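Note that this is a predicted model, so its numbers are computed, not measured. As a basis for the values below, the full set of heavy atoms in this structure was taken, side chains included, without hydrogen atoms, waters or symmetry mates. Sequence positions, counted from 1, serve as the residue numbers for this chain.
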Amino acid sequence: MNLALTTRQITCWSIIYFISGWLFLGNLNVAGHSIFLTLPIGGILALPLLYLYGKFATKLLASKLVKIVLAGLSLCLGVLYIFLIASFISACILPTSPQLLTGGLLMIFSLWFASHSIETFGIYSKIIIPIILLLSLCLMMAPLPSINPLYAVDILIFKPDSFKYSVLFFVVAFFIKGMIFINILTFYDRERSWFKAIKNGILPAVCLLSLAMIIVIFSLGTAVFDVLLYPTYYPLSITTSGNNVQHFEMFFLIVYGLVELLHLGTLFLYVKLSITSLAK
């Protein structure tokens, strides 16, 4: 197959893909408020592993067993993300909406998006990335008046063991995400190395996510990551309280929907490509 995507489209797709999927970084992560350090460190440490994987991706994808295993992993991740997102929407945004209905709609839209060609993903990414970055900037600047410099004393306090395990978690998470993305591109062009596309996606993503988390910590305090499941409301926005949430909610929903649609569509796209390849 020929890959009819420009380098810019692939880069935009990669950035959005690696930004997405980090909604649940609250008390599920042992590092607590040190996530703003462990996430970028984990992402950077995953790059050498992805470089090595990219060298052998073509040979690995020649095995039917590997295709089945990786397609199953991608499918499980997609279903898991849909469950988590539906839980979040039911708990924080639409409490009166049945979680099963929300999850079903997410699944339908994700599968519909995955049914399109890879060129659609590239065009979609190139169109929405300026919207994502602009809205993200607005969402991160909104809480700046409430920044508390006193939190600077506590922000560097962390436990070495928790820090280590959190870094390991992000190394594995970024490696799995990157592996799936490399496999998708390799299906279309087996002769080309796709590590640069991965690097161009991970580095801006971890910087943006880390900055968003620092703003959350300085606005709400260091304990927020230890007690809340959704401390950032979304990695690109900010948790506030009372009437302030209403002002940000529409922007949040736009960012959330655009980013996660691409993320879920990418996971299911890989499943579709694997099934198509196995059927030949």
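- In this structure, Leu47 and Phe195 have side chains that are in contact, with non-hydrogen atoms separated by less than 4.5 Å.
- Nearest approach of Leu106 to Ile85, heavy atoms of both residues: CD1-CG2, 3.7 Å.
- Atom CZ in Phe56 sits 7.0 Å away from atom CG in Leu52 (nearest 0.5 Å).
- Between Phe174 and Phe170, the angle of the ring planes lies from 30° to 60°, which puts this pair in the tilted group.
- Shown here are the side chain to side chain contact (heavy atoms under 4.5 Å, CB included) partners of Leu111, two or more places apart in sequence or in another chain: Met107, Phe268.
- At a threshold of 4.5 Å between side-chain heavy atoms, the hydrophobic network of Ile, Leu, Val, Met, Phe, Trp and Tyr places Phe83 and Leu105 in two separate groups.
- Side-chain atoms of Thr266 come within 3.5 Å of backbone N or O of Leu262 as a donor-acceptor pair.
- In this structure, Leu49 CG and Ile176 CD1 are separated by 11.5 Å, a value rounded to the nearest 0.5 Å.
- No continuous path of hydrophobic side-chain contacts links Leu101 to Phe109 [ILVMFWY only; heavy atoms under 4.5 Å].
- Without hydrogens or angle criteria, Ser20 side chain to Tyr17 main chain gives a donor-acceptor distance under 3.5 Å.
- Of all heavy-atom pairs spanning Leu267 and Leu77, the tightest one is CD1-C, 4.0 Å.
- By the 4.5 Å heavy-atom criterion applied to side chains, Ile129 and Thr11 are not counted as neighbours.
- Linking ILVMFWY residues whenever their side-chain heavy atoms come closer than 4.5 Å, directly or via other members, leaves Leu278 and Ile118 in distinct clusters.
- Between atom CD1 of residue Ile15 and atom CG of residue Leu203 there is a gap of 9.5 Å, rounded to the nearest 0.5 Å.
- A 4.5 Å side-chain heavy-atom check between Tyr124 and Leu261 finds at least one atom pair inside the cut-off.
- From Lys55, atom NZ reaches atom CD1 of Ile182 across 11.5 Å, with rounding to the nearest 0.5 Å.
- With rounding to the nearest 0.5 Å, the separation of NZ in Lys177 from CD1 in Ile198 is 10.5 Å.
- Each of Trp194, Trp13, Phe121 was checked for a ring pair (Phe, Tyr, Trp, His ring centres under 6.0 Å) with Phe181, and the lone residue meeting it is Trp13.
- Ser125 places no side-chain N or O within 3.5 Å of a backbone atom of Cys12 that could act as its donor or acceptor partner.
- Atom CD1 of residue Ile202 and atom OG of residue Ser14 lie 7.0 Å apart, to the nearest 0.5 angstrom.
- With hydrogens and angles ignored, the 3.5 Å screen pairs a side-chain donor or acceptor of Ser274 with a backbone N or O of Tyr270.
- Ile68 and Leu75 end up in different hydrophobic clusters when Ile, Leu, Val, Met, Phe, Trp and Tyr side chains are linked at under 4.5 Å.
- Nearest heavy-atom pair across Phe113 and Gly265 is CD2-CA, 3.9 Å.
- Nearest heavy atoms, Val206 versus Pro40: CB-CA, 3.8 Å.
- Listed here is the closest heavy atom pair of Gly78 and Leu264: O-CD2, 3.8 Å.
- Hydrophobic clustering, with ILVMFWY side chains joined whenever heavy atoms are under 4.5 angstrom apart, keeps Val69 apart from Val271.
- Side-chain N or O atoms of Lys272 include one that pairs as donor or acceptor with a backbone N or O of Ala114 at under 3.5 Å.
- When all heavy atoms of Gln9 and Ile123 are compared, the closest pair comes out as NE2-CG1, 3.7 Å.
- A donor-acceptor pair under 3.5 Å is absent between the side-chain atoms of Ser166 and the main chain of Phe163, judged by distance alone.
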Yes or no on side chain to side chain contact (heavy atoms under 4.5 Å, CB included) for Tyr53 and Asn183, after CA distance, side-chain angles and deciding distance? CA-CA 10 Å; Tyr53 177 80; Asn183 290 346; 2.6 Å; yes
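- A 4.5 Å side-chain heavy-atom check between Leu208 and Leu133 finds at least one atom pair inside the cut-off.
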